**Student:** 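Before anything else, here's the structure in question.
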Protein chains: 2
Amino acid sequence: MSTAQGARARARIEVTSAIKDEARRQLAAEGAAKLSLRAVARELGMVSSALYRYFPSRDDLLTALIIDAYDSLGEAAEAAHAAASDTGPLRRWVAVCDAVRGWALGHPHEYALIYGSPVPGYTAPDTTVRAASRVGLLLTRIVRDAHRSVGVARTPIPVELRPEAERLTADLAPDLPPEVTMALVAAWAQVYGLIGFELFGQFNRVVEDRETFFRYSVSRIAHEVGLVFPEKE
Amino acid sequence: MSTAQGARARARIEVTSAIKDEARRQLAAEGAAKLSLRAVARELGMVSSALYRYFPSRDDLLTALIIDAYDSLGEAAEAAHAAASDTGPLRRWVAVCDAVRGWALGHPHEYALIYGSPVPGYTAPDTTVRAASRVGLLLTRIVRDAHRSVGVARTPIPVELRPEAERLTADLAPDLPPEVTMALVAAWAQVYGLIGFELFGQFNRVVEDRETFFRYSVSRIAHEVGLVFPEKE
DNA sequence: CTCAAGCGAGAGCAGTGCTCTCGTAAGTGG
DNA sequence: CCACTTACGAGAGCACTGCTCTCGCTTGAG
């Protein structure tokens, strides 16, 4: 139904994706700030005003790129998870984190776009939310599986956090103990912190062997969410 | 020697700081992307070209703002530390982290500027490094004090990380065990991750009581660097 | 007192996002 | 099969940006 319904429509999605491709190229090359509609149009051999038939504004183009980036990152993470599906939870956890880091290093500007400072007056439309949560859901799944199979360690949480933890658990993973959901959310943020520091140069002249450092830190974070530590290397 | 050496020089530093103030205002209001030299000049009643007598380019203005932001953040952290100087290490740790988070929430655009995605082709000049490391040094000091007074817990690190950990220790805190320095660097990155996720909206519709969540998470991270956990509330 | 240096003003260049209008080509209803 | 609406590309134009260059005035050092 969506295929071959008029050459017009087909051409439209083709041009749309050509615009996104060229925009992604410029984004990767120069960063979001230097992404220019006119330059994209120029490169595609069209005039700038024509581009507005496809994206109503530069921000809309950026939003489209952001969603694609989330999806690309999510796919990379899921692929890594699938490749490690026959190993234990800890190794899968590390594999997924590694994949996220790898994607971030390979697509620094796109990573910055989705996890760095948001563009000026930008608030994420709901469309992005689903794409954005893929990695988080994946990590949740790993912990959930681990919980089902071997059980996870728990650290008590203070009373004032209990309501928060229970709401979170109900939303994310009702089958997990609240302590774990809590730690899981924090863990994901912490992994993001490690990647961000590396990517944005805060580790320059501080950490040298960043891959080893990352793997180690991420393992410790995994321990925090209850994944058993002394899993066979 | 630096005071009152010619009205010319005095006027210069006055205008320079007036420019920075107005630029900071625009930065806070609209974000780095919308900071415009011409708008700054306009607001100050001068013509845009005059501004180039003080800052050779827009990037140089931004760099100046970045250094000031680092200093402002560092001061906030150090003030919080001083205010909690008669308490235990864990509470001081939490106080400093809290101050950093507070500063970040109060200056989101400036925080984004220094810890979010770096501006386009920008590489931090050495001038910024010193200002940038103030918070890290402060956290190091807390852990170092704790180590001297009560000792800190250690978690063994894998062999492949030993050289890294030892180099790091030599650079940062020779009096600390390598396991701790290692964990400390990771901890700082993780704290940054928590703040970043909150600031950039990743906790929207996920975490509600963010202050409590942050304090708790930061306490757990403190535990990771060996600060004793069951310190009296 | 002289004179080079510092400074502000203005014009100007190349670039940007975005709007509007105008022909033309494509697909649709009669 | 033909008229008509719709989608689209081109072009001109507006307001804005960072940045450069030149021109005079002011200032402070020699």
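Only a predicted model underlies this, so the values are computations on that prediction, with no experimental measurement involved. To find a chain, count down the sequence lines: A is the first, B the second, and so on, and within it residues start at 1.
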**Student:** Apply the side-chain contact (heavy atoms from CB on, under 4.5 Å) test between Val143(B) and each candidate in Leu176(B), Thr181(B), Leu172(B); give the one that qualifies.
**Tutor:**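 Going through Leu176(B), Thr181(B), Leu172(B) one by one, the side-chain contact (heavy atoms from CB on, under 4.5 Å) with Val143(B) is satisfied by Leu176(B) alone.
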**Student:** Short question: side chain of Glu164(A), backbone of Val207(B) - any donor-acceptor pair under 3.5 Å?
**Tutor:**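 Not at all, since once roles are kept as given, no pair shorter than 3.5 Å links the two residues.
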**Student:** To the nearest Å, how far apart are Arg42(A) CZ and dG15(C) P?
**Tutor:**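 Between P of dG15(C) and CZ of Arg42(A): 7 Å.
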**Student:** Expressed in angstrom and rounded to an integer, what is the separation of Leu61(A) atom CG from dG17(C) atom P?
**Tutor:**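 So the two atoms are 10 Å apart, to the nearest Å.
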**Student:** Is there a donor-acceptor pair closer than 3.5 Å between any side-chain N or O of Ser72(B) and the backbone N or O of Asp68(B)?
**Tutor:**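 Not a single qualifying donor-acceptor pair exists.
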**Student:** Taking Val218(B)'s backbone N and O only, do any of them form a donor-acceptor pair with Trp93(B)'s side chain (distance below 3.5 Å, no angle check)?
**Tutor:**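 Yes, the answer is positive, given that a donor and an acceptor are paired below the 3.5 Å cut-off.
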**Student:** Of all residues at least two apart in sequence or in a different chain, which pass the side-chain hydrogen bond (donor to acceptor under 3.5 Å, both in side chains) check with Arg134(B)?
**Tutor:**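 Asp71(B), Glu78(B).
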**Student:** So, does Arg12(A) get its side chain near the phosphate of dA7(D), meaning an N or O under 4.0 Å from OP1 or OP2?
**Tutor:**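 The answer is no; no side-chain N or O of Arg12(A) sits under 4.0 Å from OP1 or OP2.
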**Student:** Tell me which of Gly45(B) and Ala39(A) sits closer to the 5' end of DNA chain C, going by the nucleotide each one is nearest to.
**Tutor:**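 Result of the comparison: Gly45(B).
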**Student:** Starting at atom CZ of Arg10(A), determine the distance to atom P of dA7(D), rounded to an integer number of angstrom.
**Tutor:**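 From Arg10(A) CZ to dA7(D) P: 18 Å.
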**Student:** Output the residues of residues 47-54 of chain A in contact with DNA chain D, where contact means a heavy atom of the residue under 4.0 Å from an atom of the strand; sort by number or write none.
**Tutor:**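 By residue number: Val47(A), Ser49(A), Ala50(A), Arg53(A), Tyr54(A).
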**Student:** Closer than 4.0 Å, any side-chain N/O of Ser36(A) to the OP1 or OP2 of dG17(C)?
**Tutor:**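 Yes, within the criterion.
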**Student:** Within this structure, what is the CD-to-C1' distance between Glu14(A) and dC8(D), rounded to whole angstrom?
**Tutor:**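 Checked: the CD to C1' distance equals 16 Å.
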**Student:** Find the distance Leu37(A):CG to dT19(C):P and express it as a whole number of Å.
**Tutor:**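 About 11 Å, once rounded to whole Å.
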**Student:** Could you walk me through whether Asp60(B) and Thr63(B) pass the side-chain hydrogen bond (donor to acceptor under 3.5 Å, both in side chains) test, one step at a time?
**Tutor:** CA-CA 5 Å; Asp60(B) 289 273; Thr63(B) 302; 5.4 Å; no
**Student:** May I have the distance from Ile19(B) (atom CD1) to dC7(C) (atom P), rounded to whole angstrom?
**Tutor:**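 About 11 Å, once rounded to whole Å.
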**Student:** Looking only at N and O atoms, is any donor in the side chain of Arg38(B) or the base of dG18(D) less than 3.5 Å from an acceptor on the other one?
**Tutor:**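 Yes, a donor-acceptor pair under 3.5 Å.
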**Student:** Would you mind reading off the distance between Gln26(B) atom CD and dC16(D) atom P, rounded to a whole angstrom?
**Tutor:**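 Going from Gln26(B) (CD) to dC16(D) (P), I get 14 Å.
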**Student:** Would you kindly give the CD1-to-P distance between Ile13(B) and dG6(C), to the nearest whole Å?
**Tutor:**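 My rounded result for the distance is 17 Å.
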**Student:** Run the ring-centre check on Tyr115(B) versus Phe200(A) and record whether the distance is less than 6.0 Å.
**Tutor:**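 Aromatic pair excluded; centres sit 6.0 Å or further apart.
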